[in-house]
Amino acid sequence: MSSGRIQQALLAWYGDNARDLPWRRSRDPYRVWLSEVMLQQTRVETVLPYYERWLERLPTVAALAAADEETVLRLWQGLGYYRRARNLHRAARAIVEERGGRWPASAAEWRQLPGVGRYTAGAIASITRGEPAAVVDGNVKRVLARLFLIDEPVDDAATLRRLWLLAESLVPAAAPGDFNQALMELGARICRPRRPRCDLCPLRPDCRGRRAGVAESLPRRRRRRPIPHRQEVAALVVRGGRYLLGRRPPGLLGGLWEFPGGPVAEGESPPQALARALVERLGIEVDVGPRLAAVDHAYSHLKVTVALYRCRLTGGELRPAYHTAARWLRRRQLGDLPLPRVTRKLARHLAA
DNA sequence: GACGCGTGGCC
DNA sequence: TGGCCAAGCGT
């Protein structure tokens, strides 16, 4: 099969079937960059409202660079992988302050920015400047694995190299941005993970996976390791009608605010764990009272059950250690801060 | 190379 | 309920 035929068929299909997505209405590097970062590991439908809201509040890279981190995280709240927002913020400041507002001129230059890897750099450079850079994302892995009947695990390093080589050999000099988006669009809507719509596929005549009757079983992946389940505790410390919140350090949910607490260690009771965590993390001493709620939550790599206890402040002095800051807030004010999903679940159990 | 890193939808 | 997956990146 010729790559020319694949390119033609795919571009023609894309011309007729491309969705009217907001980031496709402009080649503004800021808008394309923002969309690509938001779309990392995140569905189009999830991104749409976040994208619009973000651009209303921070319409330019200069506005982003000038914003404070709390604003940035508040706009990102709920999208997950919060390091993406902090990297976007850092990169915007680098562009404005170190590059005099000059955009990267190539995929290689985009790669220098935090949060921009091989995929994102190729996507931005091909879309905004017509640079013939390839992209390999989850969609492209699936499409190519089926098209070329690649049945080694696609998360294998050797297979990944092969996929990048294939993608690079396919991307045309003429319309690389459209071609890359077409490949991903095909993966999202036709060459879907389950029940692919081969009847509608422009590449059907060339697809080795379909011909062999194994398209839906591809791509193969390596077995994932089991996800651990951890018990955690959190404290509702009340003072004068205000609740104590701590800001999380870099890492899981970095920069977001939570009811302070921590994991329950082996051989430790939940109240013991909570009293210990509050001393270690915030320098305060409490009496742990009744359990108010328990919620389950699943992260990408961890499952937790968090029990919330009412606590009474008995001593110590508020000195954030693990947490990078602490604040006392009324219930109404909780919505002003970036909160993780699990904290919102817990907050639902508070008396209004 | 293997992890750590969120959330929501689907089956 | 639980596993899988999604326009990945950084370490």
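Please read all numbers here as calculations on a predicted model, not as lab measurements. Protein chains get the first letters and strands the later ones, always in sequence-line order, with residue 1 at the start of each.
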Using heavy-atom distances to pick each residue's nearest nucleotide on DNA chain B, tell me which of Tyr82(A) and Arg195(A) is more 5'. Tyr82(A)
Between Pro250(A) and Ala157(A), who's closer to the 5' end of DNA chain B by nearest nucleotide? Ala157(A)
Qualifying residue, where the test is side chain to side chain contact (heavy atoms under 4.5 Å, CB included) with Val237(A) and the options are Phe259(A), Trp328(A), Tyr243(A): Trp328(A)
Within this structure, what is the [atom1]-to-[atom2] distance between [X] and [N], rounded to whole angstrom?
X         : N       : atom1 : atom2 : result
Met184(A) : dA7(C)  : CE    : P     : 9 Å
Tyr50(A)  : dA7(C)  : OH    : C1'   : 17 Å
His89(A)  : dC9(C)  : NE2   : C1'   : 19 Å
Arg344(A) : dG6(B)  : CZ    : P     : 16 Å
Arg86(A)  : dG10(C) : CZ    : P     : 15 Å

Kindly state which residues belonging to residues 26-42 of chain A come within less than 4.0 angstrom of DNA chain C, counting heavy atoms of the residue only, listed by number. Glu36(A), Leu39(A), Gln40(A), Gln41(A)
According to a hydrophobic-cluster definition based on side-chain heavy atoms being under 4.5 Å apart (Ile, Leu, Val, Met, Phe, Trp, Tyr only), do Ile6(A) and Val171(A) belong together? yes
Describe the nucleic acid contact of [X] in one word from base, sugar-phosphate, nothing, applying a heavy-atom distance below 4.0 Å.
X         : answer
Leu253(A) : sugar-phosphate
Trp76(A)  : nothing
Ala123(A) : nothing

List, with names and distances, any nitrogen or oxygen atoms from the protein found under 3.5 Å away from nitrogen or oxygen atoms belonging to nucleotides 2-4 of chain B.
| from | atom 1 | to | atom 2 | distance (Å) |
| --- | --- | --- | --- | --- |
| dA2(B) | OP2 | Arg222(A) | NH1 | 2.8 |
| dC3(B) | OP1 | Arg225(A) | NE | 3.3 |
| dC3(B) | OP1 | Arg225(A) | NH1 | 3.4 |
| dC3(B) | OP1 | Arg225(A) | NH2 | 2.6 |
| dC3(B) | OP2 | Arg225(A) | NE | 3.0 |
| dG4(B) | N2 | Arg83(A) | NH2 | 2.8 |

Distances under 3.5 Å only, N/O to N/O: pair up the protein atoms with those of nucleotides 1-5 of chain C.
| from | atom 1 | to | atom 2 | distance (Å) |
| --- | --- | --- | --- | --- |
| dG3(C) | OP2 | Lys303(A) | NZ | 2.8 |
| dC5(C) | OP2 | Arg224(A) | NH2 | 3.4 |
| dC5(C) | O2 | Arg43(A) | NH2 | 3.2 |

Closest to the Tyr119(A) side chain: dG6(B), dT7(B), dA7(C)? dA7(C)
For the student: nearest non-hydrogen atoms of Gly187(A) and Arg142(A), plus distance: O-NH2, 2.7 Å
In terms of ring plane angle, is the pair Trp54(A) and Trp76(A) parallel, tilted or perpendicular, where the classes change at 30° and 60°? perpendicular
Does atom CZ (Arg242(A)) have a neighbourhood of more than 12 heavy atoms from anything else shown, all under 6.0 Å? yes
Neighbour count above 12 (heavy atom, 6.0 Å) for Arg344(A) CZ: yes
